[in-house]
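Here is how names work: the chains are called A, B, and so on, in the same order as the sequence lines, proteins then strands, and each is numbered from 1.
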Number of protein chains: 2
Amino acid sequence: MGTAVGGGRAVPRYVQIADEIVQQIRAGLLKPGEMVPSESELVERYGVSGGTIRKAMVEVRASGLVDTRHGKGSMVKDRPPVRLRSSERFRRSHRRGGKAAYLAESEQSGATAKVNLLYSGALDAPEEIAERLGIEAGTQVLARRRLYFRNGTPVETATSYVPWDVAKDIPELFAENPGPGGIYARLEDHGHEFAEFVETLQARLATKAEASELALNPGAPVVHLIRNAVTEEGRVVEVCDTLMAADQFVFSYRIPATD
Amino acid sequence: MGTAVGGGRAVPRYVQIADEIVQQIRAGLLKPGEMVPSESELVERYGVSGGTIRKAMVEVRASGLVDTRHGKGSMVKDRPPVRLRSSERFRRSHRRGGKAAYLAESEQSGATAKVNLLYSGALDAPEEIAERLGIEAGTQVLARRRLYFRNGTPVETATSYVPWDVAKDIPELFAENPGPGGIYARLEDHGHEFAEFVETLQARLATKAEASELALNPGAPVVHLIRNAVTEEGRVVEVCDTLMAADQFVFSYRIPATD
DNA sequence: AAGTGGTCTAGACCACTCG
DNA sequence: GAGTGGTCTAGACCACTTA
């Protein structure tokens, strides 16, 4: 039951403790690769209960400076290098040159990249996707769900949706590897010339499920990006729904000052 | 001390509960403006301890669908994602029409908008800003720092930096109100025709100072956006550094599929 | 098997909000 | 003052990692 000092402090004890630990990391007292003291050790050192240390460590994790694994402990992270996503990604000449946007960008920043195909097949279109594709909700679409890795850690999940009448004629879209230039190149091969891409972004905190899929600490920020691929006929032939670890990406867009 | 069922479940009870509540909101069972049942009521309803409900509500808060205040409770937010920022903002015709981007967009979405000028005057250019402006770090620039409100709550801070040699000839830039169309219209009045704007975005968690300035809960996500305004001569005549409450904005960009 | 983090309990005191 | 969320305790069982 305990003494129960209660919530009356100006700044909660667990925040004080979290700040102290974060400061030690920033100051270099705890170096990258080193382990943060275990929770039971911190309980002794600070003279508080386990629950309080637990909350403090949640805060420390939220700082993104530490990587915690279950039976092991918390390790100070190496500086996560950040990648750059740019408007240049979707140039037709890149696709024709056979570059896949993600791999090209990753290698440019000196990181290893990998993609896992998690799912590929028919699916009933979720409401928002159907709306963007201009079809009825629940209609069947081709869905391709991938998990992207960077330096061995997952950083992004992406699901592509293509209307069935478009996808059915393009066998490569069902394959593990859609070939050079990715699925956008295949869509253009089959007469769907793109006019523009429209991306919408929103940042928020990861849900528990998302955090575990991207190996994030709960409470870590993510960026939810949805992209419409619009053809010259004005049809949206693909919608890509992606979720990214916010600390792994910087986004960059060029906006022409047209009249 | 309790039965202590322990951590052996596939999906933790608090996550299950959080998901149930979130679903109820998304499904419209709990409508915007309504209160989520109090924690003690949830304790009874779900037959778990207060600590478990507490963790569940932390998850629900992370979804961004709910607004929690201390002695009051949790209210379902009006419009979870709110405003729309688009590439259309920087059309010359809008400036010529005298619209300021922020006010126009806010009113369009049916919200009240207000701007406070926090600072306007000379400043030594911070390193990153100087680099973007193509000048020496520490050189004097004109800085204008504003705080933007939406429905009475602060949602964004923005600081504009203009090289001194550009700013010194434009008295409106020093005024409280730079006039119709904003400072971009004034820059164009004085012969600086814009070719494009380049925006870079990064999402992260708010620092304590930022959280208090934007009246956010500590640990809330923010979006850090920096925009370069590039003239047709290729010069960056303004850099705007803004920090936004992530849950108040959805960003949208159009990317032409040029070769 | 020992040590670590993850979940849960039952109860306490406190600060805030509102009538 | 009644009700609400915020902090804290002391202890329990479990799952994961490492040796």
Just wondering, more than 12 heavy atoms not from A/Glu131 lying within 6.0 Å of its CD? no

Can you tell whether the side chains of A/Glu128 and A/Arg132 come within less than 4.0 Å, N to carboxylate O? yes

State whether B/Ser40 places a side-chain N or O below 4.0 Å from either non-bridging phosphate oxygen (OP1 or OP2) of D/dT4. yes

Return the nearest nucleotide to the side chain of B/Arg13; candidates are C/dC8, C/dG6, D/dG5. C/dC8

The side chain of A/Ser49 lies closest to which of these nucleotides: D/dT9, D/dG5, D/dT4? D/dT9

Whole angstrom value for the distance that separates P of C/dT9 from CD1 of B/Ile53: 9 Å

Check the phosphate of D/dT4 against B/Ser38, side-chain N and O only, distance under 4.0 Å to OP1 or OP2. Yes or no? yes

Phosphate OP1/OP2 of D/dT9: any A/Thr52 side-chain N/O under 4.0 Å: yes

Report the distance from atom CG of A/Asp67 to atom P of D/dT17, rounded to the nearest whole Å. 12 Å

Whole-Å gap separating C1' (C/dT4) and CZ (A/Arg69): 13 Å

Nearest-Å distance, CE (A/Met57) to C1' (C/dT4)? 12 Å

Between A/Met35 (CE) and C/dT4 (P), how many Å, whole number? 10 Å

Is the side chain of B/Arg145 donor-acceptor paired with the backbone N or O of B/Ala143 at a distance under 3.5 Å, no angle test? no

Checking A/Thr52 against A/Arg13: is there a side-chain donor and acceptor pair closer than 3.5 Å? no

Give a yes/no on whether any side-chain N or O of B/Tyr14 is located under 4.0 angstrom from OP1 or OP2 of C/dC8. no

Between C/dG5 atom C1' and A/Leu42 atom CG, what is the distance in whole Å? 12 Å

Closest to the A/His70 side chain: C/dT9, D/dT7, C/dG6? C/dG6

How many whole angstroms separate atom CD of A/Glu39 from atom C1' of C/dA2? 16 Å

Are B/Lys55 and C/dT7 close enough that a side-chain N or O sits under 4.0 Å from OP1 or OP2? yes

Say whether, by atom type as modelled, one donor and one acceptor occur between the side chain of A/Arg144 and the main chain of A/Ala175 under 3.5 angstrom. yes

If I take atom CD in residue A/Glu59 and atom P in nucleotide D/dC8, what distance separates them, rounded to the nearest angstrom? 11 Å

If you compare every side-chain N and O of A/Lys72 against the phosphate oxygens of D/dC16 (OP1, OP2), does one of them come in below 4.0 Å? no

